[in-house]
Amino acid sequence: MARRKKIYEGKAKILYEGPEPGTIVQYFKDDATAFNAQKKDVIEGKGVLNNRLSEFFMTGLNNIGVPTHFIKRLNMREQLVRAVEIVPLEIIVRNFAAGSMSKRLGIEEGTPLPRPIVEYCYKDDKLGDPLVTEEHIAAFGWASQQDMDDIVALALRVNDYLAGLMYGVGIKLIDFKIEIGRVYEGDYQRLIVADEISPDSCRLWDIETGQKLDKDVFRQDLGNLADAYTEVARRLGVMPKNATHAPKPKLIN
Ligand code: 5GP
């Protein structure tokens with residue numbers, strides 16, 4: 001059997017060359033990292049859950065006309081996605097204060113924000129993904145003004161969709177991070193939602209109890225991360241029972 005080509009290995013995913021030009025296979029690992037990989041663990045079943053949840057969110061977005069890289073899920077841990085050129089920014093949307101915003105501005109976690117706030121971080125692990133402004137983005141050519149208008153519009157549409165979906169299952173969407181990719185179609189480029197949308201990249205709190213159902217469970221040692229993600233999947237009707245305990249496929253690198 002021919003070996004497939006590994007394109008990139010990140011903290012939570014591996015990207016392989018896809019079967020057709022312009023496609024990529026995205027493999028979800030069980031590895032969990034936090035604080036720029038200073039805290040690490042392997043959480044059995046996390047990759048399976050994030051593959052399913054990201055499929056669910058990206059499919060929902062595609063269906064309401066928000067373009068994403070997602071093509072189809074291939075198996076328990078892999079999905080086929082469009083190859084994109086990643087814009088080197090993390091786009092963060094916040095509905096309630098938490099995390100780095102609470103720390104930076106001294107606002108108590110959970111305080112509702114007067115309107116959704118969009119922030120940008122420059123994607124660079126060595127620098128710890130620093131917060132940047134539109135001035136930096138324009139000056140250093142990471143994205144044009146037109147790109148930024150499109151990125152904000154995409155981010156706010158993702159926020160409306162995700163917040164509504166979560167509210168329907170008793171979960172508050174505190175904040176989330178997305179990444180954006182460029183695709184070229186003839187002479188035109190388009191921006192689409194890429195990477196993943198999962199509890200690894202969102203803050204999700206139970207509306208009634210305030211229980212955290214996202215990666216903060218791992219960051220802050222609040223309990224079993226796979227149980228928290230399973231609860232999100234269960235409420236959304238995403239996972240078949242016991243699916244996280246299916247055996248891992250053998251990786252061919
Ligand atoms: P904060 O800036 O408060 O640490 O994070 C804001 C939101 O973006 C949180 O939902 C957090 O999970 C997400 N986020 C920020 N940076 C990263 C990152 O490097 N990777 C992932 N997966 N999510 C991130």
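A quick note: this is a predicted structure, and the numbers were derived from the prediction, not measured. Throughout, numbering of the chain's residues begins at 1 and tracks the sequence. In each ligand, atom 1 is the first atom listed, and ligand 1 is the first ligand listed.
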List the closest protein heavy-atom neighbour of [atom]: residue, atom name, distance to the nearest 0.1 Å.
atom	result
atom 16 (N) of ligand 1	Glu90 OE1, 3.2 Å
atom 9 (C) of ligand 1	Asp175 OD1, 3.2 Å
atom 1 (P) of ligand 1	Ser100 OG, 3.3 Å

Under 3.5 Å, is there a donor-acceptor pair linking the side chains of Arg94 and Ser100?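 On atom types as modelled, these side chains qualify, holding a pair under 3.5 Å.
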
Heavy atom under 4.0 Å from ligand 1: found in [X]'s side chain, backbone, both, or neither?
X	answer
Asp129	side chain
Cys202	backbone
Arg94	side chain

Hey, looking at atom 12 (O) of ligand 1, which of Lys215, Arg203, Arg219 has the closest heavy atom?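 Ranked by closest heavy atom to atom 12 (O) of ligand 1, first place is Arg219.
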
Which residue from Lys177, Lys11, Glu109, Glu179 reaches closest to atom 20 (N) of ligand 1 through any of its heavy atoms?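 When every heavy atom of Lys177, Lys11, Glu109, Glu179 is considered, Lys177 comes closest to atom 20 (N) of ligand 1.
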
Using a 4.0 Å cut-off to any heavy atom of [X], which atoms of ligand 1 qualify?
X	value
Ser201	10 (O), 12 (O), 13 (C), 22 (N), 23 (N)
Asp200	12 (O), 21 (C), 22 (N), 23 (N)
Gly99	3 (O)

Counting only heavy atoms from other residues, nucleotides and ligands, does the tally under 6.0 Å from CZ of Phe35 exceed 12?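 Yes - once you tally the heavy atoms of other residues, nucleotides and ligands closer than 6.0 Å, there are more than 12.
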
Count the heavy atoms of every other residue, nucleotide or ligand shown that sit under 6.0 Å from NZ of Lys103, and state whether that count exceeds 12.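 At most 12 heavy atoms, drawn from other residues, nucleotides or ligands, come within 6.0 Å of this atom.
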
Which pairs, with at least one residue in residues 128-156 and sequence neighbours excluded, count as a salt bridge (charged side-chain N to carboxylate O under 4.0 Å, His left out)? Asp147-Arg182

Would you call [X] and [Y] a salt bridge, taking side-chain N to carboxylate O under 4.0 Å as the test?
X	Y	answer
Arg4	Glu78	yes
Glu185	Arg82	yes
Lys39	Asp221	yes

Only one of Asp160, Leu61, Ile192 forms a side-chain contact (heavy atoms from CB on, under 4.5 Å) with Val66, so which one is it?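 Result: among Asp160, Leu61, Ile192, Leu61 is the only option passing the side-chain contact (heavy atoms from CB on, under 4.5 Å) with Val66.
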
